[in-house]
Amino acid sequence: MMSIEEWVEGAATAVILGHVHPDGDCVGSCLGLRSYLRAVKPELCVQVYLEPFAGEFHFLTGADAVSPDFYEEKSYDICFALDCSDRERLGDAVRYLDGAKRTVCLDHHITNEGFADVNVIRPHASSTSEVLAELMEPGKMDRATAECLYLGIVHDTGVFKHSNTSEKTMRIAGALLAKGVSSSHIIDDTFYRKTFGQNRILGCALLAAELRLDGRLIASCVTGKDLERCGVTNRNLDGIIDQLRVTEGVEVAVFLYEAGPGEYKVSLRSNDLVDVSRIARSFGGGGHVKAAGCTVAGTCGDILERITALAAEQLGQQEDGAAAH
Ligand code: AMP
Ligand code: MN
Ligand code: MN
């Protein structure tokens, strides 16, 4: 197993890429790796490319140096692809992966088949930020790096609440806190704080929610019109799926929003019985057993019908299995 320091040996330039529609773990891991590389190898020229991301993450060190312009004619000695389950999730930034001399993929998605020269994929890790923290030498990690990784872990664990939060996650988070990270600032200001518009769209999604499969599946869909009415964009929808998931009796939560004409982004969450990564994968998406996503063409109603059938199939198999015992 090589280390970060060994991967960048002999390199003069490095590029760091994350997935389209960057979330907290994606931004945190990309900026965390940037800070770490700058600390351990100051002569290395490091560039991060990411699509525009939420303003709450802009306080992180290096956020102002991120380029959203994926059309620059540049090639790099080494490319890191972070929190990205497949090449397509890199969007147009895939050109920097293809143009790099060496490529490294660091990730925690169970659906990741490994598309780089070196692949470190740990499906049991809470987040890519956790994977990175394990790869970094603690003595070389400064507060700026720790802040990025802590934010990534907070977001992918839903503040240490999801089942991906292990004893190791907590130990790593503790070590990051010891670097001087302000936990309450990160948790309150980047995770829980909602704008008025975000609360309105949450209310709208909850009002539109419906139960299916005898209350074991909850689904909600918001349209472009709903977003407009609440004064938000599709980058302001974090947290809605989590609220749907905690509805009593629910095994699977499904949240759709209109991502383009005739196209919906689907978020899937499961409590215990269903592997939602299998459902997402059948639509060309991916993710984890209990949290997955995909983008699907069609109408809201049709997409929901298809997802409901796949969830019912898995729930039925569970029941058949239970009856056989
Ligand atoms: P989301 O519902 O968008 O928060 O995504 C839940 C999980 O599924 C995250 O870990 C995402 O990285 C993953 N995911 C979401 N959409 C896709 C997609 N289209 N392809 C692959 N993985 C996805
Ligand atoms: Mn992510
Ligand atoms: Mn992640």
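We're numbering straight along the sequence, starting at 1. Treat the numbers as computed from the prediction; the structure is a model and nothing was measured. Order of listing sets the numbers, starting from 1, for every ligand and every atom in it.
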Judged by modelled atom types alone, do D25 and H155 share a side-chain donor-acceptor pair under 3.5 Å? no
So between H108, E88, H109, whose heavy atom ends up nearest atom 10 (O) of ligand 1? H109
Can you sort out the partners of D188 under side-chain hydrogen bond (donor to acceptor under 3.5 Å, both in side chains), two or more places apart, ordered by chain and number? none
So between G293, S85, A253, S267, whose heavy atom ends up nearest atom 1 (P) of ligand 1? S267
Students should be able to answer this: which protein heavy-atom is nearest to atom 7 (C) of ligand 1, and at what distance? A291 O, 3.5 Å
Side-chain donor-acceptor pair under 3.5 Å between H109 and D107, yes or no? yes
Would K265 count as a contact of ligand 1 if the rule is a heavy atom under 4.0 Å away? yes
May I ask you to list the atoms of ligand 1 that are less than 4.0 angstrom from any heavy atom of H288? 10 (O)
Going by an N to O cut-off under 4.0 Å, is there a salt bridge joining R89 and D86? no
For G287, atoms of ligand 1 separated by under 4.0 Å from a heavy atom: 8 (O), 13 (C), 22 (N)
2.8 Å cut-off met by an N, O or S atom of C84 to the Mn ion (ligand 2): no
Would C204 and C230 count as a disulfide (SG to SG under 2.5 Å) here? Give the steps. CA-CA 9 Å; C204 169; C230 296; 5.0 Å; no
When you measure from atom 20 (N) of ligand 1 to each heavy atom in R269, R89, H155, which option holds the nearest one? R89
Does a donor on one side chain and an acceptor on the other come within less than 3.5 Å for H108 and D156? yes
Quick one: nearest non-hydrogen protein atom to atom 23 (C) of ligand 1, plus distance? G286 O, 3.3 Å
Check: R281/T111 side-chain N/O donor and acceptor closer than 3.5 Å: no
Which residues pass the side-chain hydrogen bond (donor to acceptor under 3.5 Å, both in side chains) test with R102, not counting sequence neighbours? none
Side-chain touch F255/D242, heavy atoms, less than 4.5 angstrom: no
Atom pair CD/CZ of E130 and R122 - distance to nearest 0.5 Å: 9.0 Å
Report, one line per pair, each donor and acceptor closer than 3.5 Å where one atom sits in a side chain of residues 41-51; sequence neighbours left out.
unit_1, atom_1, unit_2, atom_2, d
K41, NZ, V8, O, 2.7
K41, NZ, A11, O, 3.2
Q47, NE2, A65, O, 3.3
Y49, OH, E72, OE1, 2.7
Y49, OH, Y76, OH, 2.9
E51, OE1, H21, N, 2.8

Starting from atom 19 (N) of ligand 1, what is the nearest protein heavy atom, named by residue and atom, and what distance separates them? C294 CA, 3.6 Å
Going by chain and residue number, what protein N/O/S atoms come nearer than 2.8 Å to the Mn ion (ligand 3)? D25 OD2, D83 OD1, H108 NE2, D156 OD2
